[in-house]
Asker: 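Okay, handing you the structure first.
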2 protein chains.
Amino acid sequence: MQQVELDEDRNLRTAADRVFEALQDAIVRGDLKPGARVGETDLALRFGTSRGPLREALRRLESRHLVERTPHVGIRIASLEQHALIELYFLREALEGMAARLAATHMTDSEIEGIKALLAAHEKDEALKADTAYFQREGDLDFHYRIIHGSHNGALIELLVGELYHRIRMYRYQFSAYANRPQRAFREHQRIVEALEARDGDLAEMLMRRHISSARQNIENHLKESP
Amino acid sequence: MQQVELDEDRNLRTAADRVFEALQDAIVRGDLKPGARVGETDLALRFGTSRGPLREALRRLESRHLVERTPHVGIRIASLEQHALIELYFLREALEGMAARLAATHMTDSEIEGIKALLAAHEKDEALKADTAYFQREGDLDFHYRIIHGSHNGALIELLVGELYHRIRMYRYQFSAYANRPQRAFREHQRIVEALEARDGDLAEMLMRRHISSARQNIENHLKESP
DNA sequence: CTCGAGGCAATTGTCGACAATCGAGTTGAC
DNA sequence: GTCAACTCGATTGTCGACAATTGCCTCGAG
């Protein structure tokens, strides 16, 4: 049993907060294997706290679908099944499509400048790294985050950033091999930004939906080949 | 301080489950006024349990945005602001639009028969009750539930039914006066079902989005007139 | 040998008490 | 008279112990 170092730097208010963040990181990054069964007592010892705050952290993780609890039985790390990932992509298509539509009318000029600068940085970086996907992948997340926030719709932001994206990031860490075609994705990003700049909500939504839909189809094809 | 009767009938597994359901009902139905500050000790006494299970219930309600917690300060019943309701309708438009699209291809024939029967019942009932909105409103929820489930997308169902619709029901109970134009809504429902029957996903999504979008605009107009 | 019932260990659910933190009211100085 | 600091009360956060439920293992019968 290994003791885990908690983030004391950012002095989060309560012990439950610290445990929650530490556990979420451990799950998303794969330190705790998907499907593994974990006991409350073990975890409490490992994180150096009592079972009270730990249970609170677990409840929050459960509401984010990162762990699964069954009463009187125990806790399992969320198992990532492929069909669940596909389902998530339909949610993303609907929600981020709407985010792009709203962003086209609600983004400020400086926000659009910011996302253009981000793309410019990607272009240089991508020219260097070609297909080394890691940085591109984080950059991809950054791009989507900016558009989501650009919607200026609090409920939408909270839903996507606060609840859904942790699950998606977990899948990315685990199934790291899905080549998400950086060059093509980059071109699609460019077109979406053009639509935002033109304040064309209809077009922005359509392009975003195609972007996510083709990413989903790409994954589905990979799954068919190597299940 | 009034003792609250808990549902002992359906013998829910844990005390936390019972408190959660009772509290959720109390909030959605307005027994606990929005924005009111409540103390853990009071609630624990009122529901005849300890603070442990109560805190678990509060955690779950927080993740559904029915209560707001600030550390070391306390709990407030979620205050329903009008702009938040509008934001929710954009989520509904995106998600239920997608649900309708998926339902058009994934609904079974018997599910479609069921929703047609539901509409037929509404037609007779509506002819009788004209604009008495209550039953129509519950029927409206039933209609939407069926299409959501018809998507056969677990993540989408869980998100809409398990997380979003409780907030929407809360608003319905509070702002009960929004005449949601039963006749027009009924016609729109009919057309959506026609699209489902024709297995036309594009059309079903478009009609559902218009349906929800016009409901939102209707609310926005009411808010402008009587803020 | 297989199946079912019963007991046992382990884990979770629940409780009450203690400690930490925040907000309000009061008191004092400028 | 106003502002700031301090004290006090109340509320939440945390802990450890006890009770309840589950799953597994053993034992016995067919």
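Order of the sequence lines sets the chain letters (A, B, ...), proteins ahead of strands, with each chain counted from 1. As the structure is a computational prediction, the values presented were derived from the model and not from experiment.
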Asker: B:Ile75 CD1 to D:dT12 P: how many Å, rounded?
Answerer: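 Atom CD1 in B:Ile75 sits about 5 Å away from atom P in D:dT12.
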
Asker: Can you list everything that forms a ring pair (Phe, Tyr, Trp, His ring centres under 6.0 Å) with A:His211? Sequence neighbours excluded, please.
Answerer: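 A:His211: ring pair (Phe, Tyr, Trp, His ring centres under 6.0 Å) contacts with A:His144, A:His189.
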
Asker: Looking at side-chain heavy atoms only, is the closest gap between B:Arg76 and B:Val67 below 4.5 Å?
Answerer: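 Counting from C-beta outward, B:Arg76 and B:Val67 never come under 4.5 Å.
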
Asker: For B:Arg216 and B:Glu96, what are the C-alpha separation, side-chain angles and deciding distance, and is it a salt bridge (charged side-chain N to carboxylate O under 4.0 Å, His left out)?
Answerer: CA-CA 14 Å; B:Arg216 170 179 54 78; B:Glu96 295 201 39; over 6 Å; no

Asker: Taking NZ, NE, NH1 and NH2 as the nitrogens, is one of them in B:Arg37 or B:Asp42 under 4.0 Å from a carboxylate oxygen of the other?
Answerer: no

Asker: Charged N to carboxylate O under 4.0 angstrom, B:Arg169 versus B:Asp25?
Answerer: no

Asker: Going 5' to 3' along DNA chain C, between which two nucleotides do contacts with chain A fall, using a heavy-atom cut-off of 4.0 Å?
Answerer: C:dT12 to C:dC22

Asker: Side-chain N or O of B:Arg13 less than 4.0 angstrom from OP1 or OP2 on D:dT22?
Answerer: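 For D:dT22, OP1/OP2 do have a side-chain N/O of B:Arg13 under 4.0 Å.
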
Asker: Whether the B:His152 and B:Glu111 side chains hold a donor-acceptor pair (N or O, under 3.5 Å, no angle test) is what I'd like checked.
Answerer: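 A donor-acceptor contact under 3.5 Å links the two side chains.
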
Asker: Give the rounded distance in Å between these two atoms: CG of B:Leu58 and C1' of D:dT12.
Answerer: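 Rounding to the nearest Å, CG of B:Leu58 and C1' of D:dT12 are 11 Å apart.
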
Asker: Please figure out whether A:Pro53 or A:Val73 has its closest DNA chain D nucleotide nearer the 5' end.
Answerer: A:Pro53

Asker: Quick one, which residues of residues 64-72 of chain A touch DNA chain D with a heavy atom under 4.0 Å?
Answerer: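 The answer is A:His72.
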
Asker: Can you find a heavy atom in the side chain of A:Arg69 that is under 4.5 Å from one in the side chain of A:Arg55?
Answerer: yes

Asker: Taking any heavy-atom pair under 4.0 Å as a contact, classify B:Gly52: base, sugar-phosphate, or nothing.
Answerer: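 If one applies the 4.0 Å heavy-atom cut-off, B:Gly52 turns out to touch nothing in the nucleic acid.
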
Asker: Any salt bridge linking A:Asp109 with A:Lys116? Criterion: basic side-chain nitrogen under 4.0 Å from a carboxylate oxygen.
Answerer: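 Not counted as a salt bridge, because no side-chain N and carboxylate O are separated by less than 4.0 Å.
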
